[in-house]
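Okay, so here's the structure we're looking at.
The chains referred to below are lettered A, B, ... by the order of the sequence lines, with proteins before strands, and numbering in each begins at 1.
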Number of protein chains: 2
Amino acid sequence: MPAPRRFSRRRLQESALALVDAEGLGALSMRSLAAALGTGAMTLYNYVEGREGLEELLVEAVMAEAVCEGVPSDDWRADVRALATATWRAVRAHPDVIPLILTRRTFDEATLVQGEALLDALARGGRSGAGLLVGLRVVTGYVMGFAQAELAGPLSAGRGESVSAITDRVRALPPERFPRLIDAAATAAGSDPRAEFAAGLEVVVAGLDAAPPA
Amino acid sequence: MPAPRRFSRRRLQESALALVDAEGLGALSMRSLAAALGTGAMTLYNYVEGREGLEELLVEAVMAEAVCEGVPSDDWRADVRALATATWRAVRAHPDVIPLILTRRTFDEATLVQGEALLDALARGGRSGAGLLVGLRVVTGYVMGFAQAELAGPLSAGRGESVSAITDRVRALPPERFPRLIDAAATAAGSDPRAEFAAGLEVVVAGLDAAPPA
DNA sequence: CAGCTTCACGTACACCGTACCTAAAACCTT
DNA sequence: AAGGTTTTAGGTACGGTGTACGTGAAGCTG
């Protein structure tokens, strides 16, 4: 009965993501996205539940890119690594969306599938019940925490800021009070984020191996 | 020479924190905080660098509550546990500020001191260089990630939402596709967040113990 | 007592999300 | 074929936001 919908959900996601990737989160508004689509702001309300729904759309788009092949395998450790890394890579590809991801508890398809797969891998590692839940929390916590660290860290250049804005700021600290922080910042400035993430993940996996599942 | 300042920084922090704790982050605006202080909105600009500065003020106030006694001790593992727990408790005491904490890279005194202490503990655990940096990332990542999980999780009641809104939502999922998620949600609903955090932290510490510092 | 410096704070503007409304488009009746 | 019905498109307008700018007063210094 209705007039045919002008836009698909995918189309909205693509436009929104392109806009945010190009001009930053601050450039996203109902009006700006509508303009990018060549329509009026109020039209978007036929596709999305207000501003909140728009942001969910974006998060969903990013998480959907976290595809992970070869899971489940016969090696639960490899699976945990693969799942965590896939999520992290997807998030990292769209740094401007990170604030939205961090401040939301998402329930999109992709996140649920990844969560289920992660639980499955951990279960194959011998965890169950509360111990399984703890394992999930540790792994997802690590991924999210690392993403947060990358928000304005020396790893990624914030919009308009130098790559090492943070590093510079730490370097300016009183060396007698924060010697280790200054040292760590110098180390971070010259390190590869992928290697850092992988090394941290190794610590997590080692912990899962060593800690008794209660 | 000047007219004496009407407000102290501490006073602003207390008012802002009280306002946010009582009415949520959405209730915080230049005007609302000014009104709570009995003044006009523009006055705040004499104390704070715009909205951004106001939010930093809040984060600083929360982080300052993360006091940690008895560190450093002669047990680096205990120190890591104590520091992580102190930060988490402070954050958890003001859940409405969590979005601000997560979306910001903070440089207030308290955070720096905690970071330095954490690095010191990890160094006593035999880490240095890149391995030390990784240890820092893992621990702070875990704390931040856990805080994020608590945003709207079954652990804390979101403003106006039932304590188990998330749990309910997971329970409504197709059981044949997400059996483990549903199970985990049920476990989470009945678990104590403090115990969960402690157990996860134990996994992290075990990982730090087991993983070679490169 | 000037005079300068600093703070207090009202006004005004651009921009935001969105409640509400109108018109047109496509299907379902009769 | 014509009318009714239902859904989408999209404009208008309102209350709220952050803040640039300007004015006025208050206190120290000469």
Under 3.5 Å, side-chain donor or acceptor atoms of residues 182-190 of chain A against the rest of the protein: list the pairs with distances, not counting sequence neighbours.
unit_1	atom_1	unit_2	atom_2	d
A:Thr187	OG1	A:Asp183	O	3.1

**Request:** Rounded off to whole Å, could you give me the CZ-to-P distance for the A:Arg9 and D:dT8 pair?
**Result:** 15 Å
**Prompt:** Does A:Asn46 put a side-chain nitrogen or oxygen below 4.0 Å from OP1 or OP2 of D:dA9?
**Reply:** yes
**Item:** B:Leu201: which of B:Phe146, B:Tyr142, B:Trp88 passes side chain to side chain contact (heavy atoms under 4.5 Å, CB included)
**Value:** B:Tyr142
**Message:** Please report the distance, rounded to the nearest Å, between CZ in A:Arg51 and C1' in D:dG16.
**Reply:** 15 Å
**Request:** Whole angstrom is fine here: how far is it from CZ in B:Arg5 over to P in C:dT6?
**Result:** 11 Å
**Prompt:** Just by distance, do the side chain of B:Arg127 and the backbone of B:Leu208 share a donor-acceptor pair under 3.5 Å?
**Reply:** yes
**Asked** To the nearest angstrom, how far is B:Met30 atom CE from D:dT17 atom C1'?
**Response** 10 Å
**Complete:** Here the distance between atom P of D:dG18 and atom CD of B:Glu49, to the nearest Å, is 16 Å
**Message:** Just the rounded figure in Å: distance from P of D:dG18 to CG of B:Leu54.
**Reply:** 8 Å
**Message:** Closer than 3.5 angstrom, by distance alone: can the side chain of B:Glu65 be matched with the main-chain N or O of B:Ala90 as a donor-acceptor pair?
**Reply:** no
**Asked** OP1 or OP2 of C:dA25 less than 4.0 angstrom from a side-chain nitrogen or oxygen of A:Arg6, does that happen here?
**Response** no
**Asked** With respect to the phosphate group of D:dA9, does any side-chain polar atom (N or O) of A:Thr43 fall under 4.0 Å of OP1 or OP2?
**Response** no
**Message:** Looking at B:Thr39, I'd like to know whether one of its side-chain N or O atoms comes within less than 4.0 Å of OP1 or OP2 on C:dA8.
**Reply:** no
**Complete:** Considering only heavy side-chain atoms of A:Met42, the closest of C:dT18, D:dG18, C:dT11 is C:dT18
**Request:** Could you state the atom-to-atom distance from CD of A:Glu52 to C1' of C:dC16 in whole Å?
**Result:** 16 Å
**Item:** Presence of B:Tyr47 side-chain N/O under 4.0 Å of C:dA8 phosphate oxygens OP1/OP2
**Value:** yes
**Message:** Considering every strand and a 4.0 Å limit on heavy-atom distances, what is the contact class for A:Arg31: base, sugar-phosphate, or nothing?
**Reply:** base
**Item:** Nucleotide D:dA20, atom C1' - distance to CG of B:Leu44 in whole Å
**Value:** 16 Å
Which atom pairs, donor and acceptor, lie under 3.5 Å between side-chain atoms of residues 35-45 of chain B and protein residues at least two apart or in another chain?
unit_1	atom_1	unit_2	atom_2	d
B:Thr39	OG1	B:Thr43	OG1	3.1
B:Thr43	OG1	B:Gly40	O	3.4

**Request:** Using heavy atoms to find the nearest nucleotide of DNA chain C for A:Ser29 and B:Ala41 separately, return the residue whose nucleotide is more 5′.
**Result:** B:Ala41
